[in-house]
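Below: the structure, in structure tokens.
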Amino acid sequence: MKLWAVSVFTVLAAISTNGYAQSVPTSPVDKLTYHNDAQRTGWNDHESRLTPQNVASGKFGQIWSSPQLDSFNGMPPRLFAAPLYMKSVTMEGGDHAGKSFPVAFVVTTTGYAYAIAAAAANGVQPGTILWRTRLTDNPCTKGAQGNLSTPIIDPKTGRLYVTSCSEPQWQVHALDIRSGQDVPGWPVKIDAETMNQPGMNRNGDTKWVAETDDKNGFSSDGKRAVCRTPCYTQRGALNLNGDGSRLYLAFGPDGVGWLIAVDTQTAKVATAFSSIQANQQEQGGFWASSGPAIDADDRIHVSSGANLIPGRLYGLEGVCPECDGAWGQSILQFADDRERGLTLTGTYTPFNYCQASKTDIDIGSSGVVAFDLPAGTSSTRRLLTLGGGKQGNIYLLDRDHMPGGLTRRQPCSDDSTTDKSLLAPDVQPEFGKPGPINLFKPYSDNLGAFDQAKSRSTAAYFRDARGTSYLYVSGSKKIGENLTLDAPPGLARVKVVTNPGKPAFLRVDGLEETQTFKNPGSPVITSNGGKDAIVWVLDNNAPRTANLYGDAAPKPVLYAFDALSFKLLWKNPEGELFTSGKYNEATVADGIALVGTDRLQAFGLRND
């Protein structure tokens with residue numbers, strides 16, 4: 001599971017690209033990407049300072065805060081992106097040139113990127129802004145979508161890759177982490193001229209649509225959904241392949257999903273894959289906050305969603321189960337062939353994709369996690385999971401033998417035993433027979449969109465000192481007449497059951513029944529090897545449809561639980577965190593927990 005960390009984050013030599021030679025030493029506590037690694041495990045196993053005992057001791061709390069970050073035309077910033085962290089970065093230029101600091105990197109909806117001192121060093125107090133970069137002068141949606149996705153750091157080149165939206169196009173930057181300046185040749189435009197070049201899209205004739213003048217979201221006949229400006233949202237976290245030569249971007253949200261590969265050495269879009277073969281099919285957005293997961297073999301995995309309007313207007317016809325190359329409501333695996341571009345190598349689609357898709361209960365609200373089991377424990381060692389989704393289910397796949405076809409999805413089914421994931425032999429109460437495990441109840445194929453959705457987070461993986469593997473999933477049970485009220489459980493622990501020579505499967509091992517989450521981000525795990533494990537969850541503390549601006553904007557809550565007992569260790573006092581974005585996660589590394597709100601807030605062990 002840690003092969004990625006060894007191959008990418010251990011720096012052996014400087015690499016010169018576009019005139020930059022910026023090899024940056026790294027530490028095991030660095031967090032350089034969303035959910036800690038390219039596989040998206042969400043596990044930091046080098047946390048020795050924060051233990052269940054001292055987090056619960058009363059000494060853990062807020063230790064510093066940055067100033068509020070920059071607004072745009074009166075619109076305050078929000079952080080949908082998780083902070084990144086490096087233990088030591090030497091600044092270049094400005095007032096701090098030549099000085100080294102622990103640094104947090106954050107990006108905001110108002111179109112800025114920042115490097116912020118994460119601890120006192122060289123006469124500088126924590127929370128001090130070391131550099132700021134304006135990514136766009138015209139952030140999309142009046143300053144509410146300048147940036148939504150978590151960047152990624154490549155320490156071999158000293159680059160922070162980050163996207164920004166500037167009406168009506170997106171662009172991807174490569175910033176020098178020491179100065180915040182764009183590397184020569186960057187940014188790279190993601191626009192119709194670039195994306196609609198012959199041969200760019202490797203799945204049919206779908207075109208990148210720049211924008212539409214329609215203000216209502218429908219075509220002239222009042223039926224078909226059309227995109228607004230901007231047509232696509234880059235919410236999924238960025239990811240890099242093993243040698244850093246390819247940067248992957250995922251776009252959604254609903255009508256069309258795009259997976260895009262950028263060649264980092266030539267600073268240009270190299271290849272792309274759309275979730276559908278024709279724009280009229282309108283499904284399959286890649287919008288989960290975790291973006292693509294990449295395993296040690298450089299295979300790319302991404303989950304896709306549904307689309308509310310076509311399903312409700314046209315039923316199964318809108319879902320398009322008879323269409324070749326229509327990959328809504330699926331998990332897709334790719335190879336990035338330098339001659340053929342992005343090539344589909346595996347798929348999985350749940351048995352009930354038709355029913356769930358037409359009511360917008362998509363699995364694409366959650367991202368995928370790649371993890372490996374110890375040798376000899378199972379015949380399926382290299383696994384892939386998706387936990388949550390709007391329906392609240394968890395799925396387990398053998399990523400060496402993806403079960404779906406490469407041309408089209410299987411026919412619709414209402415028989416749970418026909419699901420092609422690695423099913424447990426246990427009877428599931430929702431079906432009266434084996435099928436996918438539902439974590440956050442009640443199970444429904446009809447109610448699960450908007451505030452009825454059970455989960456929009458990505459699972460986290462942890463292996464204890466005995467070698468037992470667990471998955472943690474955040475979400476919420478729904479109650480009330482219309483299933484819009486939240487109730488416990490909001491956190492599930494699922495054991496990966498293994499037997500030598502047999503396929504692995506999942507079994508619920510514990511549910512946290514005391515706390516109510518309203519719209520939680522992804523759980524992250526910290527531990528010291530296989531011991532002292534803590535689960536951290538940042539809850540938006542409001543329904544998905546809540547307004548993030550104004551006097552009534554929600555104040556999020558950060559929780560810490562003992563990973564094996566689910567004892568609540570700590571949560572921040574009500575109102576202590578400022579308003580944040582949605583679907584984000586805390587960064588917990590080197591003894592501190594960093595939370596992006598409208599500023600950067602840090603929690604740790606206090607001396608008083």
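Side chains are part of it too, since the values below use all heavy atoms of this structure and drop only hydrogens, waters and symmetry mates.
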Just how far is it from atom [atom1] of [X] to atom [atom2] of [Y], taken to the nearest 0.5 Å?
X: Thr587; Y: Leu600; atom1: OG1; atom2: CG; result: 8.5 Å
X: Ser303; Y: Trp327; atom1: OG; atom2: CH2; result: 15.0 Å
X: Arg246; Y: Leu342; atom1: CZ; atom2: CG; result: 8.0 Å

Examine distances only and state if a side-chain atom of [X] and a backbone atom of [Y] form a donor-acceptor pair shorter than 3.5 Å.
X: Gln452; Y: Asn482; answer: yes
X: Ser274; Y: Ile276; answer: yes
X: Thr133; Y: Gly180; answer: yes
X: Ser275; Y: Gly257; answer: yes
X: Thr110; Y: Asp70; answer: yes
X: Trp208; Y: Thr194; answer: no
X: Ser357; Y: Tyr353; answer: yes
X: Thr264; Y: Gly244; answer: yes
X: Glu585; Y: His35; answer: yes
X: Asn147; Y: Thr108; answer: no

* Asked: Hey, mind stepping through Lys454 and Gln391 against side-chain contact (heavy atoms from CB on, under 4.5 Å) and telling me if it holds?
  -> CA-CA 6 Å; Lys454 311 290 177 47; Gln391 200 163 36; 5.6 Å; no

* Could you tell me whether Arg134 sits above the aromatic face of Tyr112, with NZ or CZ closer than 6.0 angstrom to the six-membered ring centre and within 45 degrees of the axis? =>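 Geometry flag: set, cation within 6.0 Å and 45°.
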
* Would the number of heavy atoms belonging to other residues, nucleotides or ligands and lying under 6.0 Å from NZ of Lys478 be above 12? -> yes

* **Over 12 non-hydrogen atoms of neighbours within 6.0 angstrom of CG in Asn138** => yes

Sidechain N-carboxylate O distance under 4.0 Å for [X], [Y]:
X: Asp451; Y: Arg544; result: no
X: Asp486; Y: Lys518; result: no
X: Lys571; Y: Glu576; result: no

* To do: Give the intermediate values and the outcome of ring-ring contact (aromatic ring centres under 6.0 Å, His included) for residues Trp570 and Phe561.
  => CA-CA 7 Å; Trp570 175 88; Phe561 299 92; over 10 Å; no

* Evaluate the side-chain contact (heavy atoms from CB on, under 4.5 Å) criterion for residues Leu247 and Asp263: first the C-alpha distance (whole Å), next the side-chain angles of each, then the deciding distance (0.1 Å), finally the verdict. => CA-CA 7 Å; Leu247 176 71; Asp263 187 316; over 6 Å; no

Does the side chain of [Y] come within less than 4.5 Å of [X]'s, by heavy atoms?
X: Asn73; Y: Lys142; result: no
X: His301; Y: Leu332; result: no
X: Leu548; Y: Asn540; result: yes
X: Phe105; Y: Tyr114; result: no

Going by atom types only, do [X] and [Y] share a side-chain donor-acceptor pair under 3.5 Å?
X: Trp131; Y: Ser179; answer: no
X: Tyr85; Y: Asp30; answer: no
X: Tyr559; Y: Asn572; answer: no
X: Thr597; Y: Arg78; answer: no
X: Asp362; Y: Trp287; answer: yes
X: Gln277; Y: Asn203; answer: yes

* Asked: Given Phe251 and Thr233, is the side-chain contact (heavy atoms from CB on, under 4.5 Å) satisfied, shown in steps?
  -> CA-CA 5 Å; Phe251 284 82; Thr233 301; over 6 Å; no

Might you point out which heavy atoms bring [X] and [Y] nearest each other, and give the distance in Å?
X: Pro520; Y: Ser457; answer: O-CB, 4.0 Å
X: Ala459; Y: Val473; answer: CB-CG2, 4.0 Å
X: Arg40; Y: Pro292; answer: NE-O, 3.3 Å

* Assess whether side-chain hydrogen bond (donor to acceptor under 3.5 Å, both in side chains) is satisfied between Gln601 and Ser65, documenting all intermediate values. => CA-CA 4 Å; Gln601 297 180 249; Ser65 173; 4.9 Å; no

* Asked: Taking it one step at a time, do Trp170 and Ser164 satisfy side-chain hydrogen bond (donor to acceptor under 3.5 Å, both in side chains)?
  -> CA-CA 6 Å; Trp170 287 82; Ser164 66; over 6 Å; no

* Going through the distances and angles, do Ser580 and Asn584 end up as a side-chain hydrogen bond (donor to acceptor under 3.5 Å, both in side chains)? -> CA-CA 9 Å; Ser580 184; Asn584 51 358; 2.8 Å; yes

* For the pair Tyr232 and Trp258, name the ring-plane relationship: parallel under 30°, tilted 30 to 60°, perpendicular over 60°. => perpendicular

* **side-chain hydrogen bond (donor to acceptor under 3.5 Å, both in side chains), paired with Tyr34, selected from Ser290, Ser522, Ser149** => Ser522

* Asked: Would Tyr161 and His173 satisfy ring-ring contact (aromatic ring centres under 6.0 Å, His included), going step by step from the backbone distance to the final call?
  -> CA-CA 6 Å; Tyr161 293 108; His173 301 258; over 10 Å; no

* **Test side-chain hydrogen bond (donor to acceptor under 3.5 Å, both in side chains) applied to Asp37 and Trp43, step by step** => CA-CA 8 Å; Asp37 51 38; Trp43 181 21; over 6 Å; no

* Could you check Arg159 against Asp154 for salt bridge (Lys or Arg N to Asp or Glu O under 4.0 Å), going step by step and ending with a plain yes or no? => CA-CA 5 Å; Arg159 295 177 178 182; Asp154 182 356; over 6 Å; no

